[in-house]
*Asks:* 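I have a structure here, written as structure tokens, and I will follow up with some questions on it.
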Amino acid sequence: MNAQITLHKGDITTDAEADAIVNAANTSLLGGGGVDGAIHRAAGPELLAECRTLHGCRTGDAKITKGYRLPAAHVIHTVGPIYRDGRHGEPALLASAYRRSIEVAAENGCARVAFPAISAGVYGYPADEAARIAVSTVAKAMAEHPQVIEVRFWLFNEHLYRAFEQALRELHTMS
Ligand code: ADP
């Protein structure tokens, strides 16, 4: 199998190898802070104009737009859950956000897809659990959608990077 998951440090908006970058958006799709703010700033105002035509996105779902001034041709907007205690459906919703993003990427011919750590910022998902769900869900979804050959995780701080490294090690030990 040629599918690969790679880890990167820093700002996802600089990724020039991805066909699509995934935005950890909110249900309005009308912009926010964190990675959402960074993506809208880098893409320019045309991105918000297209987002307005989408009429929001449910938690766990994903919608695609163009990338405008970003190096990536597309942005896939997904909405992760707000973390409460892990017993309010958060794991299933977080997995759904990753799975739907891969499905939308495959439907639109995006072979390389960049992801931030969805829900692991303002939405408060603990890094280790978020990383485990991200890596295992993406690996499964890539096996089902071979059009997607690379998932590139962009981790914004050292703690998250280490959590994703560990989750990848666990995945490789299990397979
Ligand atoms: P959420 O609301 O889903 O938690 P956030 O944007 O608050 O989304 O955070 C998601 C993750 O993205 C966090 O780990 C945050 O540190 C990270 N992040 C913020 N800006 C960027 C960026 N420019 N590139 C990559 N990751 C980023």
Side-chain angles (χ1 to χ4, degrees), residues 5-45 47-48 51 54 56-65 67-86 88-102 104-105 110 112-138 141 150-168:
I5 296 175
T6 56
L7 305 185
H8 307 265
K9 289 181 188 174
D11 182 357
I12 195 170
T13 65
T14 64
D15 194 324
E17 289 177 44
D19 301 297
I21 68 175
V22 176
N23 181 14
N26 56 51
T27 53
S28 77
L29 295 188
L30 299 181
V35 72
D36 196 1
I39 288 172
H40 276 275
R41 273 194 300 280
L47 180 61
L48 182 58
C51 282
L54 299 177
C57 181
R58 288 178 195 224
T59 304
D61 200 1
K63 294 187 177 181
I64 194 165
T65 64
Y68 299 98
R69 297 177 205 174
L70 288 164
H74 302 278
V75 178
I76 295 170
H77 307 261
T78 191
V79 185
I82 297 171
Y83 188 84
R84 288 167 65 187
D85 56 6
H88 288 81
E90 298 97 323
L93 286 169
L94 185 58
S96 176
Y98 281 104
R99 193 168 47 246
R100 284 290 303 135
S101 297
I102 297 283
V104 168
C110 302
R112 297 181 194 277
V113 186
F115 278 91
I118 298 166
S119 288
V122 171
Y123 281 5
Y125 221 108
D128 293 344
E129 284 174 56
R132 239 177 268 132
I133 292 168
V135 163
S136 61
T137 307
V138 157
E150 185 186 4
V151 161
R152 305 161 58 77
F153 282 111
W154 283 84
L155 292 324
F156 213 49
N157 63 53
E158 200 54 40
H159 180 59
L160 269 171
Y161 189 90
R162 278 199 295 269
F164 272 72
E165 258 184 345
Q166 179 59 30
L168 260 188

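As the structure lists them, so they are numbered: ligands from 1, and atoms in each ligand from 1.
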*Asks:* Taking all non-hydrogen atoms of both residues into account, name the closest pair between P116 and Y98 and its distance.
*Replies:*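 For P116 versus Y98, the nearest heavy atoms are O-OH, 3.5 Å.
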*Asks:* Consider every N or O of F156 and every N or O of ligand 1, then say whether any pair is closer than 3.5 Å.
*Replies:*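 No, since none of the N or O atoms of F156 sits under 3.5 Å from an N or O of ligand 1.
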*Asks:* Note the single closest protein heavy atom to atom 24 (N) of ligand 1, along with its residue, its atom name and the distance in Å.
*Replies:* I12 N, 3.0 Å
*Asks:* Measure the distance from atom 8 (O) of ligand 1 to every protein heavy atom, then report the residue, atom name and distance (to 0.1 Å) of the closest one.
*Replies:* A24 CB, 3.9 Å
*Asks:* Does any part of the side chain of H77, heavy atoms only, come nearer than 4.5 Å to the side chain of L47, both counted from C-beta?
*Replies:* yes
*Asks:* Under a 4.0 Å heavy-atom limit, does Y123 contact ligand 1 with its side chain, its backbone, both, or neither?
*Replies:*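 It is both parts that get close, each with some atom under 4.0 Å.
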*Asks:* If you measure every N/O of A38 against every N/O of ligand 1, is any gap under 3.5 Å?
*Replies:* no
*Asks:* Identify, for atom 11 (C) of ligand 1, the protein heavy atom at the shortest distance, and state residue, atom and that distance.
*Replies:*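 Checking every protein heavy atom, the shortest distance to atom 11 (C) of ligand 1 gives A117 O, 3.3 Å.
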*Asks:* Give me the nearest non-hydrogen protein atom to atom 6 (O) of ligand 1 as residue plus atom name, then the distance to 0.1 Å.
*Replies:* V35 N, 2.9 Å
*Asks:* Have a look at ligand 1 and work out which part of I39, if any, has a heavy atom under 4.0 Å from it: side chain, backbone, both or neither.
*Replies:* neither
*Asks:* Over all heavy atoms of both residues, which pair between T137 and R99 is shortest? Give the atoms and the distance, please.
*Replies:* CG2-N, 4.0 Å
*Asks:* So is there a nitrogen or oxygen of P116 less than 3.5 Å from a nitrogen or oxygen in ligand 1?
*Replies:*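 It does not: no N or O of P116 is found under 3.5 Å from an N or O of ligand 1.
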*Asks:* Which residue is it: R112, E150, E17? I am looking for the one with a side chain to side chain donor-acceptor pair (under 3.5 Å) to T6.
*Replies:* E150
*Asks:* For V22 and I12, which heavy atoms make the closest approach, and how far apart are they?
*Replies:*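 So the two residues come closest at O-CD1, 4.0 Å.
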*Asks:* Based purely on interatomic distance, does S119 place a nitrogen or oxygen under 3.5 Å from a nitrogen or oxygen of ligand 1?
*Replies:* yes
*Asks:* Is there a polar contact, in the sense of an N or O pair closer than 3.5 Å, between G124 and ligand 1?
*Replies:*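 There is no such contact.
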*Asks:* Counting both backbone and side chain atoms, is some N or O of W154 under 3.5 Å from an N or O of ligand 1?
*Replies:* no
